[in-house]
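Along the sequence shown, residues are numbered consecutively beginning with 1.
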Amino acid sequence: FGMHSPSAYVSSIATVSAAGLGLAELRHTLLKAPERRLPTTTALSDKPLVWGLVEDALLPTPEVTRTERLVLACLAQIEDDVTRLIAHLGPDRVGVVLGSCTSGSLEIEQGMREHATTGALPPNFDIAHLNIHEPARFLANRLGITGPVWTLSNACSSGAIALISAIRLVASGLADAVIAGGIDGASHLTTAGFQALGAVSPAPCVPFDSRRCGINLGEGGALFVVTREAPDVADTVAVAGFCETSDAHHISAPDPSGVQASRCMREALAMSGLTSQSVDLVSAHGTGTRLNDEAEMRAISAVFGSDVPVVSYKALSGHTLAGAGALQCAIAAALLIDNPEGVLPSPGIASPESIDVPVQLLTETRRLGRPLTAVMTNAFAFGGSNASLLFSRI
C-alpha cells in the first residue's frame, strides 16, 4: 500500500445497468447521451415509477435468480479473460468478493405470491435464493474458483467496499487475483421500502438540483478483475487510494455535517499521494434526496472546496443499491480510459443546489482538452457506511 504507488490494478471491467451493457455502451451513454432519462414503469409498483430496469441485458436462464442473471450478463463480457487467469494462477489463488442486498428477493416474492393464490409453491422455489451470499457463491461455483469467497452487504456502499476488500486480499498475498464488485436485481421489496421512506421520486431524479425530490431505483452493477501486477495493456486503470469510514449517526440518514464522509475522501487522497488539484472529477454518490445531497456537498467542500467539478450519474442508471458503488467505479474507469479530450459529462443541473459551502457542481458537459488524470468516486450508504476510491490512469 505504498503512498505513491497504486494499491492494485484493474485488468477487466464488466457492467450491466440501464446506462448500458459493457464498458463501451456505458462510455457511449456518458460521453454521447449524458442527458438521457430512465423510462416509467409499473412493473414493480401499483404507481408509475421511474425505474432503471435492464430486461434486454438478461440472459435466458430462468433457473437462476434475476440477480444471478445480471451476474451472468457481466461475466459474459470478461469470462474469457477470467478463465485464462484462473488457468494461469490456479483456482485456489483467485477469489470472489461481491456486494449484494437483494439476492433472490424477487423470486421469493413471486413464490410466496403464488402460494397465497394457489396454496402451493412453484416447482423451482428455493428458499436458499434469499441468502445474501448466493450471487458470490454462484459466480465462484460457475468458474470453479476455490480461493476466498464472500459477500458484503453494507447497503449502497457494498459494491465499493467489495472492491476495497479485493484490493486488501491481493495486497495481503491471500489471493493473486479477485473478481469483485456489486450487483443487485430489482424487487418489490426494494421499491416498497424506499417508498415507505418517502425517498422515491415520481419523476427523473436530479441530484444536486434544487428541484430534486428523491431517487430513481435501478438494477445492475459491475464486476472487476483486481490483480497485483499491472496488466499488459496500453491503457490501464489503477486504484490509487481508498478509505472506509462510518458515521455512527443514524440507521438511514447521513450525518448532516459530512465529517466522516470528508475524512473518507481525504484519507483516500492521502493514500494515493496525489493532491486535491490532481483530481479532475468527483463522481458523487448523489442520490437526489435532500439529506444525502446536502451532507455530501458539505463533505466534498471540506476536501476539495470549489476547485474540482462534482457530479452524480444516478439519473443514467437509477440507484442500483449494492451495485451502485461498483457501477460508479466503472464510470470512473470509463472516463479515464479512451477519453482523449477529457470529457466531463453532466446529466444536466438546471437549478444547482445552493448551501453555505463552496462546491463546483458540474452543470453542463465540459472538455478539459487532455486525458483525465484521476477521478474520485463515493458510495455513502444507510447506517453511515462510507467508501471512497480514487482511480488514476497510468
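- Look at Asp255 and Arg298 and you find no salt bridge, because none of the NZ, NE, NH1 or NH2 atoms lies under 4.0 Å from a carboxylate O.
- Ser100 and Thr151 share no side-chain donor-acceptor pair at under 3.5 Å.
- Taking 4.5 Å as the limit, some side-chain heavy atom of Phe304 sits within range of a side-chain heavy atom of Met265.
- Under the 4.5 Å side-chain heavy-atom criterion for grouping Ile, Leu, Val, Met, Phe, Trp and Tyr, Leu143 is connected to Leu70 within one hydrophobic cluster.
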Could you walk me through whether Val170 and Tyr9 pass the side-chain contact (heavy atoms from CB on, under 4.5 Å) test, one step at a time?
-> CA-CA 10 Å; Val170 168; Tyr9 298 92; over 6 Å; no
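- In this model, a donor atom of one side chain and an acceptor atom of the other lie less than 3.5 Å apart for Thr377 and Gln328.
- Under the 4.5 Å side-chain heavy-atom criterion for Ile, Leu, Val, Met, Phe, Trp and Tyr, Ile179 and Leu89 are members of the same hydrophobic cluster.
- Residues Leu372 and Leu26 are members of one and the same hydrophobic cluster, defined by side-chain heavy-atom contacts under 4.5 angstrom among Ile, Leu, Val, Met, Phe, Trp and Tyr.
- Between the side chains of Arg263 and Gln260, at least one donor N or O sits under 3.5 Å from an acceptor N or O.
- Aromatic ring pairs are classed by plane angle as parallel below 30°, tilted from 30° to 60° and perpendicular above 60°; the pair His285 and His319 is perpendicular.
- In terms of modelled atom types and a separation under 3.5 Å, the side chain of Glu114 and the main chain of Gln110 share no donor-acceptor contact.
- Between the side chain of Asp209 and the backbone N or O of Ala350, at least one donor-acceptor pair lies under 3.5 Å.
- Ser392 places none of its side-chain heavy atoms less than 4.5 Å from the side chain of Ser272.
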Passes side-chain contact (heavy atoms from CB on, under 4.5 Å), Leu75 versus Arg142? Steps please.
-> CA-CA 10 Å; Leu75 180 60; Arg142 182 176 179 88; 3.7 Å; yes
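- For Thr373, there are no side chain to side chain donor-acceptor pair (under 3.5 Å) partners, not counting sequence neighbours.
- In this structure, a donor-acceptor pair under 3.5 Å is present between the side chains of Gln195 and Ser45.
- Under the 4.5 Å side-chain criterion, counting only non-hydrogen atoms from C-beta, Leu368 is in contact with Leu344.
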Just do the side-chain contact (heavy atoms from CB on, under 4.5 Å) check on Gln360 and Val310 with the steps written out, would you?
-> CA-CA 6 Å; Gln360 184 189 151; Val310 178; 5.6 Å; no
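- Inspection of the Asn378 and Ser388 side chains reveals an N or O donor paired with an N or O acceptor under 3.5 Å.
- Annotation: side chain of Ser103 is not in contact with side chain of Thr67 (no heavy-atom distance under 4.5 Å).
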Could you check Leu321 against Cys156 for side-chain contact (heavy atoms from CB on, under 4.5 Å), going step by step and ending with a plain yes or no?
-> CA-CA 5 Å; Leu321 305 183; Cys156 308; 4.3 Å; yes
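- Between Lys314 and Ile215, the closest side-chain pair of non-hydrogen atoms is not below 4.5 Å.
- Side-chain contact, Ser187 with Thr190: a donor N or O sits under 3.5 Å from an acceptor N or O.
- Counting heavy atoms from C-beta outward, Ile145 and Ile86 have side chains that approach closer than 4.5 Å.
- Not counting sequence neighbours, the partners of Asn386 by the side chain to side chain donor-acceptor pair (under 3.5 Å) test are Thr245, Asp247.
- The side-chain heavy atoms of Thr227 and Asp176, taken from C-beta on, include no pair separated by under 4.5 Å.
- We find that Glu63 and Arg69 are not joined by a salt bridge, their nearest charged nitrogen and carboxylate oxygen being 4.0 Å or further apart.
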Only pairs under 3.5 Å count here: list side-chain donor-acceptor contacts from residues 13-23, not counting sequence neighbours, and write none if there are none.
unit_1: Thr15; atom_1: OG1; unit_2: Gly22; atom_2: N; d: 3.3
unit_1: Thr15; atom_1: OG1; unit_2: Gly22; atom_2: O; d: 3.3
unit_1: Ser17; atom_1: OG; unit_2: Ala19; atom_2: N; d: 3.0

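- Around CD of Glu229, the count of heavy atoms belonging to other residues, nucleotides or ligands within 6.0 Å does not exceed 12.
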